[in-house]
Amino acid sequence: MRTDIFARLDREPEPPKIVAPRMSRHRIALFGGTLAFYLAIVFAVLVTSWLVALDWKVMLFRPYQQWPELHAFLDYYVVLGQRGPTAVMVACWLGWRSWRQHTLRPLLVLGTALLLLNVTVGAVKLGLGRLGPHYATQIGSAEMFAGGDIFPSGHTANAVVTWGILAYLATTPRARRYLSALSATVSLGVGLTTVYIGTHWLSDVLLGWAAGLLILLALPWFEPLIARTESWIFDLREQWRARRRAVRPAVAPQDGPQPVLLPQSIAGEGAAFTGAATPAAPATAAAQVATGVATATATGTTTGARARAHTPTVCPERPPVAPAGSRRPPQHPDHGSRSTASPARPMTGG
């Protein structure tokens, strides 16, 4: 049994039993309090209250000029609030968790949270249309409904949601506490960095923190939908695998020579050619020659070549001879026929 730290990277043999968070009374109370805080900030900015005056004081203080040595580091640190890079990093981690635990829930939770973030924060940004500090036109004004898109802060809300997902999906109370503290620190730093650089008002950051926290607190309401979606995706996978098992690949033809079935007449003729040849009458030899020529014409080039190899050429001026391949040696031209030169002698003496 492996006891090193790399054993935790192996895939679990069976899917673990994961209990999704439920919308408890404590969570509902937190959600209600955060929503009230969210609406109070929006109202304070709309009526140009003391919060707008605070925005202008911080902006005119110009923190990036007070502490210029931090500018280079914070330019990189603010990337932790950008949606693209952070979503890719967290998705890679949650993708490994999905593979290890045989479940799609981590990735589906991340997708749901990012979808809610884009819809809610994006709609409020476009609806209120507040201009940023660098584009302000009148000192002391709230700069609302002027075609801007910076209220609430998208960097801050994205940092709260993206890094808060890690704490939301933690499987142990200890890991949840540590990841909650980490996500709160990162999101707090990203929000203050945008104020330092001068891209957001202080009230933008406060509303961004509230917007991200509302999304995390509302995720348990979407857990049943996430579970149904996961079940539907797994059903589609099983149906696709069943169709692949049902389709059997066709057997490819084997390379190499294949047996050829010859007609019975050709097979018998070949057997006759391999045996010992005997003298035949002229009429019988002519019949054999005619049979060989007809068979070669009917069976094609290969069979014809075989027939021609064993069938002599017949001339009309000469009587037919025995088929080629006879074991009898040919007669010498100087010798005449035995039947005309001398009478036949008996095969035995006496």
Side-chain angles (χ1 to χ4, degrees), residues 21-59 61 63 78 80-81 83 86 109 112-133 140-145 148-168 176-177 179-196 199-222:
R22 303 176 62 181
M23 188 58 80
S24 60
R25 293 182 179 181
H26 179 70
R27 187 180 292 269
I28 293 176
L30 288 176
F31 183 84
T34 306
L35 181 59
F37 179 74
Y38 185 96
L39 296 176
I41 295 175
V42 174
F43 178 77
V45 174
L46 286 175
V47 299
T48 316
S49 66
W50 60 270
L51 186 57
V52 176
L54 180 61
D55 288 339
W56 276 99
K57 289 181 180 180
V58 174
M59 181 265 187
F61 181 69
V78 78
L80 295 177
R83 195 161 307 163
T86 56
V109 170
T112 304
L114 293 180
L115 180 61
L116 292 174
L117 177 67
N118 291 334
V119 171
T120 57
V121 175
V124 175
K125 278 187 172 186
L126 296 178
L128 297 178
R130 191 182 190 187
L131 293 176
S141 171
E143 303 294 337
M144 299 291 286
F145 308 107
D149 57 352
I150 55 102
F151 183 66
S153 171
H155 277 69
T156 305
N158 183 75
V160 174
V161 171
T162 306
W163 301 109
I165 285 293
L166 301 179
Y168 179 83
R176 188 175 295 110
R177 287 194 300 269
L179 292 175
S180 297
L182 176 64
S183 62
T185 303
V186 172
S187 59
L188 181 66
V190 169
L192 294 179
T193 300
T194 60
V195 176
Y196 169 87
T199 57
H200 280 287
W201 305 99
L202 180 60
S203 57
D204 298 343
V205 175
L206 295 177
L207 197 65
W209 285 330
L213 186 57
L214 284 175
I215 293 173
L216 291 179
L217 292 174
L219 280 179
W221 279 328
F222 296 90

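Remember, predicted model here, so these are calculated numbers, not experimental data.
- Note that the CG atom of L128 and the CG atom of D149 stand 11.5 Å from one another [nearest 0.5 Å].
- The aromatic ring centroids of W209 and Y38 lie 6.0 Å or more from each other.
- Residues meeting the ring pair (Phe, Tyr, Trp, His ring centres under 6.0 Å) test with Y196, sequence neighbours left out: H71.
- Note that OH of Y168 and CG of L179 are 14.5 Å apart. Values are rounded to the nearest 0.5 Å.
- Side chains of I150 and K125 form no contact here, defined as non-hydrogen atoms less than 4.5 Å apart.
- Counting heavy atoms of neighbouring residues, nucleotides and ligands inside a 6.0 Å radius, atom CZ of F145 exceeds 12 of them.
- At least one side-chain heavy atom of V124 sits less than 4.5 Å from a side-chain heavy atom of P152.
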| query | L35 and L214: side-chain contact (heavy atoms from CB on, under 4.5 Å), yes or no, with the steps? | reply | CA-CA 7 Å; L35 181 59; L214 284 175; 4.1 Å; yes
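- Ring geometry, W201 versus W56: the interplanar angle falls from 30° to 60°, so the pair is classed tilted.
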| field | Stepwise side-chain contact (heavy atoms from CB on, under 4.5 Å) check, L182 with W163 | value | CA-CA 8 Å; L182 176 64; W163 301 109; 5.9 Å; no
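- Here the side chains of R22 and P220 are not in contact, with every heavy-atom distance at 4.5 Å or above.
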Review item, side-chain donor-acceptor pairs of residues 115-123, under 3.5 Å, at least two apart:
unit_1: N118; atom_1: OD1; unit_2: R83; atom_2: NH1; d: 2.3
unit_1: N118; atom_1: ND2; unit_2: L114; atom_2: O; d: 3.3
unit_1: T120; atom_1: OG1; unit_2: L116; atom_2: O; d: 2.7

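- Remark: side-chain polar atoms of T162 are not paired, donor with acceptor, to backbone N or O of A159 under 3.5 angstrom.
- N158 contributes a side-chain N or O that, together with a main-chain N or O of G81, makes up a donor-acceptor pair within less than 3.5 Å.
- Judged as a salt bridge (charged side-chain N to carboxylate O under 4.0 Å, His left out), the pairs with a partner in residues 45-55 (not counting sequence neighbours) are, in order, D55-R130.
- At a threshold of 4.5 Å between non-hydrogen side-chain atoms, the residues F151 and M144 count as touching.
- When atom types are taken as modelled, the side chain of T156 and the backbone of G208 share no donor-acceptor pair closer than 3.5 angstrom.
- The closest donor-acceptor contact from the side chain of H155 to the backbone of T194 lies at 3.5 Å or more, if one exists at all.
- One finds the OG atom of S183 at 7.5 Å from the CG atom of L216 (value rounded to the nearest 0.5 Å).
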